[in-house]
Amino acid sequence: MRLLKCDTTGGVTFTEDLSESELPQFEYAILSHTWGPDEEEVSYNDILDGRGTTKPGLGAEKIRFCVQQTTQDGLDHFWVDTCCIDKRNHAELSKSLISMFRWYAGARKCYVYLSDVPQGKVLGADREQDFRRSRWFRRGWTLQELIAPPLLEFYSKNGSILGTKASLEVQIGDITGIPVKAIRGRNLAEFTIHERRQWQKGRQTREPEDLVYSLLGLLDVSMPVLYGEGIVKAQQRLDNELSTAQKGPRYRDFSVPFSGTGMRGVQKLVGRENELKAMRAALVGDGSRRTVILNGLGGIGKTQLAVAYARQHKESYSAVIWLNTRDEASVKQSFAIIAERILRYHPSAKYVSSADPTGSLDDIVKAVLAWLSESDNTRWLAIYDNYDNPSVPGNNALDAVDIQQFLPDAYQGSVIVTTRSSQVKHGQRISVQKLKSTQDSVDILSNVSGKAYLVDDGLPLALATTGAYLEQASISVTTYLRLYESSWAQIHQDDPGLDTYEDRTLYSTWRISLERIHYQNELSAKILSLWCYFSNQDLWYELLCNGQMEQLPWLRNLTEDLPVFIKAMRLLCNYGLAEIDTSLPGNTESGGYSIHACVHSWTIHVLNKQWDNTLAKFAVSAVVQHVPSQVAKEPWATQRRLLRHAERCSQYLPELDSTQPEIGVSLHNIAVLFSHANKMREAEEMYLRALRGKEEAWGSKHTSTLITVNNLAAFYKNQGKLQEAEEMCLRALRGYEEARGPKHTSTLITVNNLGLLYSDQGKMQEAEEMYLRTLRGFEEAWGSKIHRPTPPSTSSASSIPIKVG
């Protein structure tokens with residue numbers, strides 16, 4: 001590289017031709033510009049002749065600009081492409097064009113001189129249109145000059161600064177279509193070859209071959225520059241060099257054309273851009289082994305993600321092979337299919353050609369693994385799908401698969417493993433979560449069904465199942481949603497013909513997981529059956545400790561110690577059926593676990609086809625007995641955690657016999673919880689159902705019944721329904737008078753509450769009568785001068801719902 005430096009006369013001269021090892025000793029600026037007429041540009045000979053700053057025309061103007069700017073920036077050297085290369089020397093020209101990206105990347109500063117942007121200082125609205133129209137954004141070579149330099153400054157024709165690459169990144173991205181991340185200098189390996197080549201779309205060069213040569217640095221490829229070969233041959237050579245660089249020098253000896261054999265993927269993957277980028281970053285390398293583990297719930301979209309990656313990056317690999325690792329028989333059969341494809345394109349392939357295709361599958365597996373381990377065969381991609389029954393500590397299933405025996409011995413190539421188990425730890429783990437965006441969910445549903453619908457599920461297999469069902473059934477989405485609620489099991493057990501998910505349905509994919517869970521820990525499997533009677537979110541240890549478990553000995557085993565509970569939950573998490581709940585509010589109790597809403601539906605409609613009255617009663621009792629009193633520490637935190645579970649219990653409480661005393665108490669206490677949570681409609685419904693149940697079980701005069709009547713009075717009063725409150729209060733008074741007498745404390749408190757209610761209604765005479773009656777009653781009971789606790793005589797006290805213990 002030959003640099004320019006200022007001499008003592010104000011002119012410019014060359015340094016020696018610097019080698020790559022010498023270049024780091026020099027801090028230099030570099031010019032980016034568009035060429036003017038050849039006769040005006042400063043050439044190599046013009047510098048030798050001393051005319052670098054004096055030649056008439058635009059060329060010398062740019063040299064003088066560089067002299068002025070480097071002096072201001074405290075730099076002694078700069079480089080300009082028009083004159084620092086001896087273009088008569090073909091070897092030097094070729095070397096310079098190949099090295100140019102590195103030279104721009106190594107510059108202390110890059111000056112972009114926009115000769116078609118007239119004047120002005122920092123870019124404003126008056127200059128922005130000139131900036132956007134500049135030829136510089138449409139020239140081929142300026143693409144790498146934009147991307148490579150870490151610090152780039154834009155100048156107008158009169159040398160005024162317009163801004164930097166950083167300050168103008170939004171405008172530059174809008175003009176060029178290049179992602180802002182690339183403009184900011186992110187590693188180019190994060191962008192595919194196709195993406196980088198697209199950045200050049202619409203740009204022009206003087207020589208047609210330069211459209212190819214100007215990409216060499218961006219694509220990290222080196223090849224000879226042969227002007228006159230034409231753009232077609234130049235592109236062919238570039239494609240060959242890219243294949244060699246990506247797949248290895250002998251990739252053709254191991255190349256197996258991509259076919260997607262064994263892959264069943266959607267044509268357009270939705271909502272997984274971040275995961276695809278993370279996979280690419282983890283798998284890009286020099287040919288040594290790179291492994292990604294895609295872990296997540298069955299139906300979450302792991303297989304679809306692996307398929308999408310393979311299709312998007314197939315050009316980066318000499319071969320893409322797909323193995324079904326559901327069980328040993330399936331994975332061995334996959335190797336047999338791979339061997340057949342290898343021999344189709346390489347009949348004399350080492351190892352594989354000597355294996356008998358009709359013989360032992362074990363021999364075929366060994367042959368393919370040996371072929372994948374050949375020293376020059378380093379650019380393959382192997383996808384091990386459905387690795388859901390791994391041979392790991394704790395899984396003693398006889399049919400567990402040990403993936404290590406199906407991996408090549410040589411530490412090379414790229415590997416993707418899809419699994420529900422979080423215990424698979426052979427590589428970089430990428431957790432595949434449900435879709436966050438409602439629009440992504442809509443897109444999956446629309447793609448499969450061919451119709452426009454709105455649904456928010458977030459589970460790709462569930463959405464694909466829904467889409468396939470709608471495609472094949474002439475029903476509206478409203479009708480489908482009704483069927484979803486009433487006939488979930490039937491809809492998901494039937495196979496809707498989902499080619500992209502092989503033979504799997506929601507019904508089958510989780511059933512297989514459950515069978516393996518049951519084999520390893522029966523308590524884990526029983527938790528799933530119990531979970532249907534709770535909310536799908538935030539199930540925690542202490543909640544289960546309080547329920548009535550006399551008829552459930554397994555629950556006593558589960559709750560006897562926190563580590564036992566955690567062990568059972570961890571197994572569910574390992575299979576992707578549960579996860580740690582991260583939405584926990586401030587609370588002194590242990591953290592909770594959650595399951596996906598679709599998995600919860602499965603537990604309701606499949607695992608619990610037959611209603612289990614014992615489990616239902618346990619769930620209700622666990623929730624009710626955990627409702628905190630108002631004097632408890634931070635009752636709001638526990639109330640918030642209980643609320644979802646109370647809502648779930650309220651859905652099936654009609655199935656329970658409300659005439660049983662404990663059910664009436666449960667309804668009452670759930671009403672108290674709803675009231676504290678300001679869910680008034682639900683609270684009123686629970687109170688009324690509790691009242692009916694207690695009346696049938698105990699009669700209208702029982703004290704427990706009267707507590708519910710009293711709470712209803714307070715509830716109506718708080719809502720401003722004073723007439724309904726008065727009716728309840730009078731009923732409670734009559735009941736207490738008959739049950740306990742007119743002078744009992746409970747009766748007098750009710751009289752006092754009635755006085756408060758009359759006062760709120762403006763019935764002052766009636767209120768006075770009630771207050772006087774209360775006073776006389778307490779004086780008679782306790783005496784007029786004895787200090788005693790003040791009866792509840794404030795409106796707030798009378799409005800606090802009472803929990804029944």
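- Between Y736 and L748 the shortest side-chain heavy-atom distance does not fall below 4.5 Å.
- The aromatic rings of Y593 and F565 stand perpendicular to each other, their planes meeting at an angle above 60°, with 30° marking the opposite boundary.
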**OP:** Report the C-alpha separation of F715 and M680 in whole Å, then their side-chain angles, then the decisive distance to 0.1 Å, and conclude whether the side chain to side chain contact (heavy atoms under 4.5 Å, CB included) test is met.
**Re:** CA-CA 9 Å; F715 175 80; M680 298 307 177; 3.4 Å; yes
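- In this structure, a donor-acceptor pair under 3.5 Å is absent between the side chains of T638 and E589.
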Subject >> Derivation of the side chain to side chain contact (heavy atoms under 4.5 Å, CB included) call for N753 and I749 >> reply: CA-CA 6 Å; N753 286 347; I749 290 174; 4.1 Å; yes
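- In this structure, H626 contributes its side chain and Q639 its backbone to no donor-acceptor pair below 3.5 Å.
- Contact annotation: the side chain of V432 approaches that of L305 to within less than 4.5 Å [non-hydrogen atoms, C-beta and beyond].
- A donor-acceptor pair under 3.5 Å is absent between the side-chain atoms of N295 and the main chain of S431, judged by distance alone.
- Remark: side-chain polar atoms of T559 are paired, donor with acceptor, to backbone N or O of L555 under 3.5 angstrom.
- In terms of heavy atoms, S529 sits closest to N608 at O-ND2, 3.0 Å.
- To the nearest 0.5 Å, atoms CG (N521) and CG (L558) are separated by 9.0 Å.
- Inter-residue side-chain proximity for D561 and V564 is flagged as met; some heavy-atom pair is nearer than 4.5 Å.
- Applying the salt bridge (Lys or Arg N to Asp or Glu O under 4.0 Å) definition to pairs two or more places apart or across chains, those involving residues 735-756 are K701-E738, E737-R773, K743-E780.
- With respect to the salt-bridge test (charged N to carboxylate O, under 4.0 angstrom), the residues K717 and D760 qualify.
- In this structure, D612 contributes its side chain and L615 its backbone to a donor-acceptor pair below 3.5 Å.
- A donor-acceptor pair is defined here as one N or O able to donate and one able to accept, closer than 3.5 Å; no such pair exists between the side chain of S524 and the backbone of Q520.
- You'll find the side chain of L712 reaches within 4.5 Å of the side chain of L688, heavy atoms only.
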**OP:** May I have the step-by-step check of side-chain hydrogen bond (donor to acceptor under 3.5 Å, both in side chains) for E684 and Y716, ending in yes or no?
**Re:** CA-CA 9 Å; E684 181 179 8; Y716 285 137; 3.0 Å; yes
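- K617 NZ to S621 OG: the interatomic distance, rounded to the nearest 0.5 Å, is 10.0 Å.
- Side chains of N752 and Y771: a donor-acceptor N/O pair is absent below 3.5 angstrom, by distance only.
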**OP:** Give the C-alpha distance, both sets of side-chain angles, the deciding distance and a yes or no for salt bridge (charged side-chain N to carboxylate O under 4.0 Å, His left out) between K763 and E726.
**Re:** CA-CA 12 Å; K763 299 178 179 180; E726 182 180 353; 3.3 Å; yes
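- Summarising the geometry of P742 relative to T747, their closest heavy-atom pair is O-CG2, 3.6 Å, with the distance given to 0.1 Å.
- V623 and C649 get closest at one heavy-atom pair: CG2-SG, 4.0 Å.
- Judged as a side chain to side chain contact (heavy atoms under 4.5 Å, CB included), and not counting sequence neighbours, the contacts of A619 are Y533, F534, Y652.
- No more than 12 heavy-atom neighbours from other residues, nucleotides or ligands sit within 6.0 angstrom of NZ on K567.
- Other residues, nucleotides and ligands place no more than 12 heavy atoms under 6.0 Å from the CD atom of Q765.
- A donor-acceptor pair is defined here as one N or O able to donate and one able to accept, closer than 3.5 Å; no such pair exists between the side chain of N710 and the backbone of A732.
- Note: I527 CD1 to L539 CG = 7.5 Å, rounded to the nearest 0.5 Å.
- The two residues G755 and A767 have their closest heavy-atom pair at O-CB, 3.5 Å.
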Subject >> Q548/E550 under side chain to side chain contact (heavy atoms under 4.5 Å, CB included): CA gap, chis, key distance, verdict >> reply: CA-CA 6 Å; Q548 299 172 359; E550 292 80 7; 3.5 Å; yes
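- Checking side-chain atoms of W531 against main-chain N and O of S535 turns up a donor-acceptor pair under 3.5 Å.
- Expressed to the nearest 0.5 Å, how far NZ of K302 lies from CD1 of I430 amounts to 13.5 Å.
- With contacts defined as side-chain heavy-atom distances shorter than 4.5 Å, the pair E682/S650 does not qualify.
- When all heavy atoms of A713 and A725 are compared, the pair lying nearest together is O-CB, 3.4 Å.
- Interatomic distance, CG of L523 versus CE of M569, reported as 11.5 Å (0.5 Å rounding).
- Atom NE2 in H645 sits 8.5 Å away from atom CD in Q537 (nearest 0.5 Å).
- No donor-acceptor pair closer than 3.5 Å links the side chain of R641 to the backbone N or O of L543.
- More than 12 heavy atoms of other residues, nucleotides or ligands shown are found within 6.0 angstrom of CZ on R429.
- Heavy atoms only, all atoms of each residue included: E542 and S590 are closest at OE1-OG, 2.6 Å.
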**OP:** Give the intermediate values and the outcome of side chain to side chain contact (heavy atoms under 4.5 Å, CB included) for residues L530 and L544.
**Re:** CA-CA 10 Å; L530 172 66; L544 299 184; 4.2 Å; yes
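- L772 places a side-chain heavy atom less than 4.5 Å from the side chain of E768.
- In this structure, the side chain of T750 does not engage the main chain of L733 through any donor-acceptor pair within 3.5 Å.
- The shortest side-chain heavy-atom distance between L607 and L514 falls under the 4.5 Å cut-off.
- No donor-acceptor pair closer than 3.5 Å links the side chain of K526 to the backbone N or O of W554.
- R648 is listed as a side-chain neighbour of I604, based on a closest heavy-atom distance under 4.5 Å.
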